[in-house]
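Read through the structure below, which is laid out as structure tokens, and then see the notes.
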Amino acid sequence: MNQSLEMTKIADQALEEKLAEEIKVLDIRQISVIADYFIIANGKNKNQVQAIVDNVQDALQKAGYEMKQMEGYQNGTWVLIDFGDIVIHIFDQENRLFYDLERIWKDGVEVSMETGV
């Protein structure tokens with residue numbers, strides 16, 4: 001399994017552990033050089049968003065992956081975590097609807113973590 005897909009699976013599991021909602025994984029390799037995968041999810045409120053972020057960051061770092069950058073943690077309305085090969089976006093419910101990244105990145109291919117395709 002390639003590294004970026006392994007990272008994506010670890011992040012997906014960490015999101016599930018903290019009950020993140022509407023988890024979407026987009027394969028953007030064919031349309032962007034930014035990353036291989038975008039992961040988009042949301043929490044119900046600032047505290048849950050921050051708990052989700054903490055869990056994802058911990059899980060990936062324990063697996064040996066280095067975070068490049070994080071933005072938005074203090075506000076807790078849209079947190080972007082950049083691990084290089086994957087970029088994770090965790091929103092509160094209102095901001096996820098407003099920014100609608102799924103529409104912006106609609107050319108990406110949605111990936112099911114159960115099947116890996």
Side-chain angles (χ1 to χ4, degrees):
M1 178 183 322
N2 70 40
Q3 178 177 310
S4 58
L5 186 56
E6 179 64 29
M7 293 170 71
T8 301
K9 287 185 177 194
I10 293 167
D12 181 67
Q13 183 176 355
L15 290 163
E16 295 276 353
E17 288 172 2
K18 291 298 178 181
L19 306 177
E21 299 177 332
E22 297 184 54
I23 301 167
K24 295 243 170 110
V25 177
L26 300 176
D27 181 339
I28 61 169
R29 291 177 292 180
Q30 301 302 314
I31 60 172
S32 179
V33 296
I34 294 172
D36 291 345
Y37 296 95
F38 268 4
I39 303 173
I40 306 167
N42 64 271
K44 293 181 180 180
N45 55 51
K46 176 182 177 179
N47 290 336
Q48 185 186 19
V49 167
Q50 289 174 335
I52 292 167
V53 169
D54 292 343
N55 202 48
V56 169
Q57 181 182 3
D58 288 347
L60 285 165
Q61 287 179 335
K62 284 179 184 172
Y65 300 111
E66 181 181 331
M67 182 177 69
K68 309 291 185 214
Q69 183 175 350
M70 181 188 304
E71 296 181 19
Y73 184 85
Q74 293 304 317
N75 286 341
T77 57
W78 177 4
V79 181
L80 179 144
I81 315 169
D82 182 355
F83 272 88
D85 292 337
I86 67 170
V87 177
I88 303 138
H89 301 270
I90 304 171
F91 293 90
D92 64 11
Q93 292 172 322
E94 181 180 341
N95 282 286
R96 180 160 185 183
L97 290 171
F98 181 78
Y99 289 104
D100 196 10
L101 288 187
E102 291 95 328
R103 182 186 53 78
I104 295 170
W105 289 93
K106 68 180 182 273
D107 292 336
V109 177
E110 188 168 350
V111 176
S112 167
M113 286 293 89
E114 288 82 36
T115 62
V117 179

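- A donor-acceptor pair under 3.5 Å is absent between the side-chain atoms of Glu66 and the main chain of Gly84, judged by distance alone.
- Although no hydrogens or angles enter the test, the distance criterion places no donor-acceptor pair under 3.5 Å between the side chain of Asn42 and the main chain of Phe91.
- A donor-acceptor contact shorter than 3.5 Å is absent between the side chain of Lys18 and the backbone of Val49.
- The 12-atom threshold is exceeded at CD of Glu17, counting heavy atoms of other residues, nucleotides or ligands nearer than 6.0 Å.
- For residues 34-44, every residue pair satisfying the salt bridge (charged side-chain N to carboxylate O under 4.0 Å, His left out) rule, not counting sequence neighbours, is listed here: Glu21-Lys44.
- Here Ile88 contributes atom CD1 and Asp82 contributes atom CG; the two are 8.5 Å apart, rounded to the nearest 0.5 Å.
- Nearest heavy-atom pair, Ile28 versus Gly108, reported as atom, atom and distance to 0.1 Å: CG2-CA, 4.4 Å.
- The shortest distance between side-chain heavy atoms of Ile39 and Val56 does not fall below 4.5 Å.
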Check against side-chain contact (heavy atoms from CB on, under 4.5 Å), Met7 and Leu5: CA-CA 5 Å; Met7 293 170 71; Leu5 186 56; over 6 Å; no

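- Cluster membership for Ile31 and Leu26, using ILVMFWY side-chain heavy atoms within less than 4.5 angstrom, is shared.
- Remark: Ile40 CD1 to Leu80 CG distance equals 10.5 Å, nearest 0.5 Å.
- Annotation: side chain of Ile52 is not in contact with side chain of Val79 (no heavy-atom distance under 4.5 Å).
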Residues Val111, Thr8; criterion side-chain contact (heavy atoms from CB on, under 4.5 Å); working and verdict: CA-CA 10 Å; Val111 176; Thr8 301; over 6 Å; no

side-chain contact (heavy atoms from CB on, under 4.5 Å) evaluation trace for Leu101 with Trp78: CA-CA 11 Å; Leu101 288 187; Trp78 177 4; 4.1 Å; yes

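- For the atom pair NZ (Lys9) and OH (Tyr37), the distance works out to 9.0 Å, reported to the nearest 0.5 Å.
- Using a 4.5 Å heavy-atom threshold, the side chains of Ile10 and Glu6 count as touching.
- Looking only at distances, no side-chain donor or acceptor of Asn75 sits under 3.5 Å from a matching main-chain atom of Thr77.
- Within 6.0 Å of the CD atom in Gln13, the count of heavy atoms belonging to other residues, nucleotides or ligands does not exceed 12.
- In terms of heavy atoms, Gly76 sits closest to Asp92 at O-CB, 4.3 Å.
- Atoms CZ and CD, from Arg96 and Gln93 in turn, are 10.0 Å apart once rounded to the nearest 0.5 Å.
- Side-chain atoms of Met70 and Val53, non-hydrogen and from C-beta on, do get closer than 4.5 Å to each other.
- Under the 4.5 Å side-chain heavy-atom criterion for Ile, Leu, Val, Met, Phe, Trp and Tyr, Val25 and Ile34 are members of distinct hydrophobic clusters.
- Put simply, the side chain of Gln50 gets close to the backbone of Tyr73: a donor and an acceptor are under 3.5 Å apart.
- Sorted by first and then second residue, the ring-ring contact (aromatic ring centres under 6.0 Å, His included) pairs involving residues 38-66 (not counting sequence neighbours) are Phe38-His89, Phe38-Trp105.
- A continuous path of ILVMFWY side-chain contacts below 4.5 Å connects Leu60 to Ile23, so both sit in one hydrophobic cluster.
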Worked verdict on Met67 versus Ile81 for side-chain contact (heavy atoms from CB on, under 4.5 Å): CA-CA 7 Å; Met67 182 177 69; Ile81 315 169; 3.7 Å; yes

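- Counting all heavy atoms, side chain and backbone alike, Ile104 lies closest to Tyr99 at CD1-O, 3.5 Å.
- Between the side chains of Asn2 and Ser4, at least one donor-acceptor pair of N or O atoms lies under 3.5 Å.
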